[in-house]
Amino acid sequence: MRLQQPERARAVVAVTSNRLLVDGVHRDWLRRKYVQALHHHAGVACVILPTVDAEDVREEVATAMMRRLDGLVLTGDESNVDPAVLSAPKSFADPDRQDVEPGILDRPRDRLSAGAIESAIALGMPILGICRGLQELNVYFGGTLRASLAEWSRESGAMHAEKADRPRDRQYDPAHNVRISSEGALFPIARTIEAQVNSLHNQGIEALAPALRREAWSPDGLVEAASVIGAPTLQIGVQWHPEWHVSTDLLSRQLFKAFGEACAGYCRTKKG
């Protein structure tokens, strides 16, 4: 009898969740689009990270958990980043403070991302930030955000806003083009200097953190992708949502494939 050879172990990546508050009940949640894209197009398995309450922020659990994993995905969400909390989560640990406003505020997610980014950078592991995740990377490294693109520029607000009059699936159709730097980490993945991307966000990068390199930008000059300068592996964030139409969009497939390969390489290095 011939024994079947075991399947090669997949790299395992951490995926950030978000806080959902319904009828006074707190839940951690995540759209399955991220998990499906990572499983089918990055070839990795996923561990979903729970959000962090104010009273738990001083517990040093992130590093211990992240040491067992091979990559970090900072997902998108409708809520806005609170730069003060993400920059110094232990300084905003008042359990009586209002932390969650659906679609507006998610401080438990800000605390989670702060700790996860810190651990991933310290460990030198691959990072993929998506929409909110790009903004989190920028704030973590000392950059700033525009609180409202519509208040910054009416044209930019319209370009990047969610198209609420369309069916959900069509809201993630291409909205504008981006220019890709030929000298960065994204160009070898995209293999083009211009691409069409979707756009559904209220905040955007104002000042890019000194530790980040601009990888792509939209016609209004807004940073659409950035990578960590001098990173030992792929550590990148994009403002668009590559997970939504990954099966039909070439750039999205290439991005997830590159992230999966980086995670697999990191996994092999840990075991070597």
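Any value given below was found using the heavy atoms of this structure, including those in side chains, with hydrogens, waters and symmetry copies removed. The chain is numbered in sequence order, starting from 1.
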For this session: Answer yes if Val178 and Leu149 sit in the same cluster of Ile, Leu, Val, Met, Phe, Trp and Tyr residues linked by side chain heavy atoms under 4.5 Å apart, and no otherwise.
Result: no
For this session: Using a 4.5 Å cut-off on heavy atoms from C-beta on, say whether the side chain of Ser252 contacts that of His245.
Result: no
Exercise. How long is the gap from CG on Leu49 to CG on Leu112, to the nearest 0.5 Å?
Worked result: 5.5 Å
Exercise. Which of parallel (below 30°), tilted (30 to 60°) and perpendicular (above 60°) describes His241 and Tyr172?
Worked result: perpendicular
Exercise. Does the side chain of Gln254 come within less than 4.5 Å of Arg191's, by heavy atoms?
Worked result: yes
For this session: Could you walk me through whether Ile130 and Tyr34 pass the side-chain contact (heavy atoms from CB on, under 4.5 Å) test, one step at a time?
Result: CA-CA 10 Å; Ile130 295 175; Tyr34 296 105; 3.9 Å; yes
Exercise. Yes or no on side-chain hydrogen bond (donor to acceptor under 3.5 Å, both in side chains) for Trp244 and Asp249, after CA distance, side-chain angles and deciding distance?
Worked result: CA-CA 9 Å; Trp244 202 268; Asp249 181 72; over 6 Å; no
Problem set entry | Pairing of Arg109 and Glu136 as salt bridge, 4.0 angstrom limit | yes
Exercise. So do Ile205 and Leu208 actually touch side chain to side chain, heavy atoms under 4.5 Å?
Worked result: yes
Exercise. Taking atom NZ of Lys257 as the centre, does the number of heavy atoms from other residues, nucleotides or ligands within less than 6.0 Å exceed 12?
Worked result: no
Problem set entry | salt_bridge(Asp173, Arg170) N-O dist < 4.0 Å | yes
Exercise. Do side-chain atoms of Asp99 reach the backbone of Arg107 as a donor and acceptor pair under 3.5 angstrom?
Worked result: no
Problem set entry | Crowding at CZ, Arg68 (>12 non-hydrogen neighbours, <6.0 Å) | no
Exercise. Taking atom CG of Asn18 and atom CD1 of Ile48, what is their separation to the nearest 0.5 Å?
Worked result: 10.5 Å
Exercise. Between Asp77 and Arg31, is there a side-chain N and carboxylate O pair less than 4.0 Å apart?
Worked result: no
Exercise. Between the side chain of Asn138 and the main-chain N/O of Ala207, is any donor-acceptor distance below 3.5 Å?
Worked result: yes
For this session: Kindly give the heavy-atom pair with the smallest separation between Cys131 and Gly76, and that separation in Å.
Result: CB-CA, 4.2 Å
Exercise. Between Ala14 and Met66, which heavy-atom pair has the shortest distance, and what is it?
Worked result: CB-SD, 3.9 Å
Problem set entry | Passing option when Asp110 is tested against Asn80, Thr51, Val85 for side-chain contact (heavy atoms from CB on, under 4.5 Å) | Val85
Problem set entry | Shared hydrophobic cluster for Leu134 and Ile189 (ILVMFWY, side-chain gaps under 4.5 Å) | no
For this session: Drop me the distance from Tyr266's OH to Thr233's OG1, to the nearest 0.5 angstrom.
Result: 9.0 Å
Problem set entry | Salt bridge present between Arg179 and Glu194 (N-O < 4.0 angstrom) | yes
Problem set entry | Criterion side-chain contact (heavy atoms from CB on, under 4.5 Å) on Leu30 and Val35, from CA distance to verdict | CA-CA 9 Å; Leu30 173 72; Val35 176; 3.7 Å; yes
For this session: State, yes or no, whether a side-chain contact exists between Leu128 and Leu72 at a heavy-atom distance under 4.5 Å.
Result: no
Exercise. How far does CG of Leu38 sit from CZ of Phe256, to the nearest 0.5 angstrom?
Worked result: 5.0 Å
For this session: Kindly work out whether a path of hydrophobic side-chain contacts (I/L/V/M/F/W/Y, heavy atoms less than 4.5 Å apart) joins Phe141 to Val223.
Result: yes
For this session: Identify the two heavy atoms, one from Ala37 and one from Val246, that lie closest to each other, and give their separation to 0.1 Å.
Result: CB-CG1, 4.0 Å
Problem set entry | CA sep, side-chain torsions, deciding dist, call: Leu200, Trp240, side-chain contact (heavy atoms from CB on, under 4.5 Å) | CA-CA 7 Å; Leu200 300 89; Trp240 62 91; over 6 Å; no
Exercise. Does a side-chain heavy-atom distance below 4.5 Å link Gln203 with Arg146?
Worked result: no
Problem set entry | For the student: nearest non-hydrogen atoms of Phe259 and Ile127, plus distance | CE1-C, 3.7 Å
Problem set entry | Validation row: Asp53, Arg19 side chains within 4.5 angstrom (heavy atoms) | yes
Seminar exercise, completed: On a heavy-atom basis, the closest approach of Val73 and Val13 is CG2-CG2, 4.3 Å
Seminar exercise, completed: With Leu21 as partner, the option from Arg27, His26, Glu101 fulfilling side-chain contact (heavy atoms from CB on, under 4.5 Å) is His26
Problem set entry | pair Trp29-Ser17: side-chain heavy atoms closer than 4.5 Å | no
Exercise. Are the charged groups of Arg111 and Asp82 less than 4.0 angstrom apart, N to O?
Worked result: no
Problem set entry | Smallest separation among heavy atoms of Ala11 and Cys267, with atom names | CB-CB, 4.3 Å
Problem set entry | Same apolar cluster (I L V M F W Y, side chains within < 4.5 Å links), Tyr140/Leu123 | yes
For this session: Could you tell me whether a side-chain N or O of Gln235 sits under 3.5 Å from a main-chain N or O of Met125, the two making a donor and an acceptor?
Result: yes
Seminar exercise, completed: Distance col, row Ile236:CD1 vs Arg213:CZ, nearest 0.5 angstrom, shows 9.0 Å
For this session: Determine, using the 4.5 Å side-chain heavy-atom cutoff (strictly less than), whether Leu145 and Ile117 are members of one ILVMFWY cluster.
Result: yes
Seminar exercise, completed: So CD of Gln171 and CZ of Arg168: to nearest 0.5 Å the spacing works out to 4.5 Å
Problem set entry | Arg132 and Thr75: side chain donor to acceptor below 3.5 Å | no
For this session: Evaluate the criterion side-chain contact (heavy atoms from CB on, under 4.5 Å) for residue pair Val44 and Arg10; output intermediate values, then yes/no.
Result: CA-CA 5 Å; Val44 299; Arg10 290 174 178 248; 5.5 Å; no
Problem set entry | Within-4.5 Å side-chain heavy-atom neighbours: Val197 and Glu224 | yes
For this session: Verify the distance criterion only: is there a donor paired with an acceptor across the side chains of Glu215 and Ser227 at less than 3.5 Å?
Result: yes
Exercise. Taking the six-membered ring of Trp217, is NZ or CZ of Arg214 closer than 6.0 Å to its centre and within 45° of its axis?
Worked result: yes
